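Every value quoted in this text rests on a predicted model; they were computed, and no experiment measured them. In what follows, chains are A, B, ... by sequence order, proteins preceding strands, each numbered from 1.
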There are 2 protein chains.
Amino acid sequence: MHNVIMKIEHLHQLIWMSRPLMQAAEACVEAGLVGTDLTVRMRAVLEMLDKYGEQTVPEIAARLEIKRQYVQIMCNETRESGFIEQRANPRHKRSPIMALTDLGRTVIEDIISSELTLMEEVGGDLSSEDIATALRVVHAVTDSLKQHAGERE
Amino acid sequence: MHNVIMKIEHLHQLIWMSRPLMQAAEACVEAGLVGTDLTVRMRAVLEMLDKYGEQTVPEIAARLEIKRQYVQIMCNETRESGFIEQRANPRHKRSPIMALTDLGRTVIEDIISSELTLMEEVGGDLSSEDIATALRVVHAVTDSLKQHAGERE
DNA sequence: GTCAATATGACATGCATAATGTCATTATGA
DNA sequence: TCATAATGACATTATGCATGTCATATTGAC
């Protein structure tokens with residue numbers, strides 16, 4: 001009965017579950033940082049360096065899709081805490097390359113590894129197929145919403 | 001091949017799609033508000049009153065799961081703009097009931113209706129079953145993450 | 001090689017979305 | 001009645017960015 005209405009209603013709920021989902025995910029990340037000297041934003045910097053290799057501040061900003069000025073602050077903090085260091089950039093003398101220190105690498109890899117363990121626990125009950133479906137739907141919905149929001153600009 | 005790894009990888013992506021999804025959804029809401037005199041937070045107040053009927057500030061705060069002090073500010077603004085009005089509360093003389101004005105009701109119902117139309121467009125390509133699956137998965141993941149984050153407190 | 005355009009770091013400011021703390025004034029309920 | 005809780009009002013702080021500006025360094029077109 002009224003299958004179309006159910007569909008729209010579920011879609012609506014799915015979209016607005018994004019906030020609690022994000023908050024829950026961020027809370028888990030934060031919880032995993034307790035005891036380390038990392039903040040969430042330092043963790044983000046380390047993750048980019050670990051995942052994509054050493055980079056400049058503007059490169060990190062592009063990948064995180066936030067402004068370089070803010071990433072600069074994040075990197076300065078991370079560097080003050082000894083998790084990253086600057087290296088000369090042969091391609092641009094004013095823009096040093098940020099690289100993980102040994103400490104930084106150890107810390108971020110520990111954290112990512114324990115986050116992976118968490119993923120396994122969270123995924124425990126769910127089928128591979130259902131997760132794939134969910135991902136596909138969420139992608140499609142996000143793209144569609146982006147398009148609609150963009151049009152009105 | 002390595003199905004388990006794919007599953008975890010998809011789950012990871014699904015979880016972190018929550019941020020772009022939320023941002024896209026919020027951008028759509030904002031875009032829909034252009035031209036009205038509503039702000040996003042006034043819209044939130046109106047939606048609660050339209051959906052659950054007239055309520056006090058603390059009740060709205062409980063439903064939005066944010067602090068009553070902030071909801072107070074939101075409601076004061078919304079009232080100054082003429083979208084809601086106060087009514088005497090027989091159950092608590094210091095805590096008036098917030099109610100939609102005719103203007104407020106018209107405005108919020110127009111907005112919700114056009115947002116519903118957007119939902120229909122966004123859902124167009126997707127099957128009812130897949131949306132239901134996605135919603136179920138996202139619910140399960142959120143609950144699981146909440147539990148894990150809570151444990152560490 | 002010159003020179004305009006661009007990139008970068010550094011710094012300042014602003015803004016939205018809250019959380020937190022406090023106070024005075026009611027209400028409420030045991 | 002009286003301790004306790006609820007409420008509105010106000011002040012302060014935090015987080016996570018965006019935006020603007022500047023000086024300087026760098027790049028690329030010519």
Rounded distance in Å - [atom1] ([X]) to [atom2] ([N]):
{"X": "B:Gln55", "N": "D:dA6", "atom1": "CD", "atom2": "P", "result": "18 Å"}
{"X": "B:Glu77", "N": "C:dC15", "atom1": "CD", "atom2": "P", "result": "14 Å"}
{"X": "B:Ile60", "N": "D:dT7", "atom1": "CD1", "atom2": "C1'", "result": "14 Å"}
{"X": "B:Ile73", "N": "C:dA19", "atom1": "CD1", "atom2": "P", "result": "11 Å"}
{"X": "A:Gln72", "N": "D:dA18", "atom1": "CD", "atom2": "C1'", "result": "16 Å"}
{"X": "B:Asn89", "N": "C:dA27", "atom1": "CG", "atom2": "P", "result": "10 Å"}
{"X": "A:Met22", "N": "C:dA18", "atom1": "CE", "atom2": "P", "result": "11 Å"}
{"X": "B:Glu59", "N": "D:dA6", "atom1": "CD", "atom2": "P", "result": "13 Å"}

Short N-O contact, A:Arg43 and A:Glu115, less than 4.0 angstrom | yes

When the nearest nucleotide of DNA chain C is assigned to B:Arg68 and to B:Arg91 on a heavy-atom basis, which residue is associated with the more 5' position?
-> B:Arg68

Could you pick out which residue, A:Gln23 or A:Pro58, lies toward the 5' side of DNA chain C when each is mapped onto its nearest nucleotide?
-> A:Pro58

From the list [options], which nucleotide is the closest neighbour of the side chain of [X]?
{"X": "A:Tyr70", "options": "D:dT21, D:dC17, D:dT7", "value": "D:dC17"}
{"X": "B:Pro96", "options": "C:dT17, D:dG8, C:dA7", "value": "D:dG8"}
{"X": "B:His92", "options": "D:dT7, D:dG8, C:dA19", "value": "D:dT7"}
{"X": "B:Lys67", "options": "C:dT8, C:dA19, D:dA18", "value": "C:dA19"}

What heavy-atom pair brings A:Leu100 and A:Arg105 nearest, and what distance separates the two atoms?
-> CD1-NH1, 3.9 Å

Please report the shortest heavy-atom distance between A:Ala27 and B:Ala149, naming the atom on each side.
-> CB-CB, 3.8 Å

Nearest 0.5 Å, what's the CD1-CE distance between A:Ile60 and A:Met74?
-> 8.0 Å

Would you say B:Asn76 reaches D:dG8's phosphate, i.e. side-chain N/O to OP1/OP2 under 4.0 Å?
-> no

Are any of B:Ser95's side-chain N or O atoms less than 4.0 Å away from OP1 or OP2 of C:dT26?
-> no

Determine whether any donor atom in the side chain of A:Gln69 lies under 3.5 Å from an acceptor atom in the base of D:dG20, or the reverse, and answer yes or no.
-> yes

Less than 3.5 Å between a donor and an acceptor, one on the side chain of A:Arg41 and one on the base of D:dG16, is that the case here?
-> no

When we call it a touch if two heavy atoms are under 4.0 Å apart, what does B:Val57 touch: a base, just sugar-phosphate, or nothing?
-> sugar-phosphate

Do A:Met98 and A:Glu59 have side chains that get closer than 4.5 Å, going by heavy atoms?
-> no

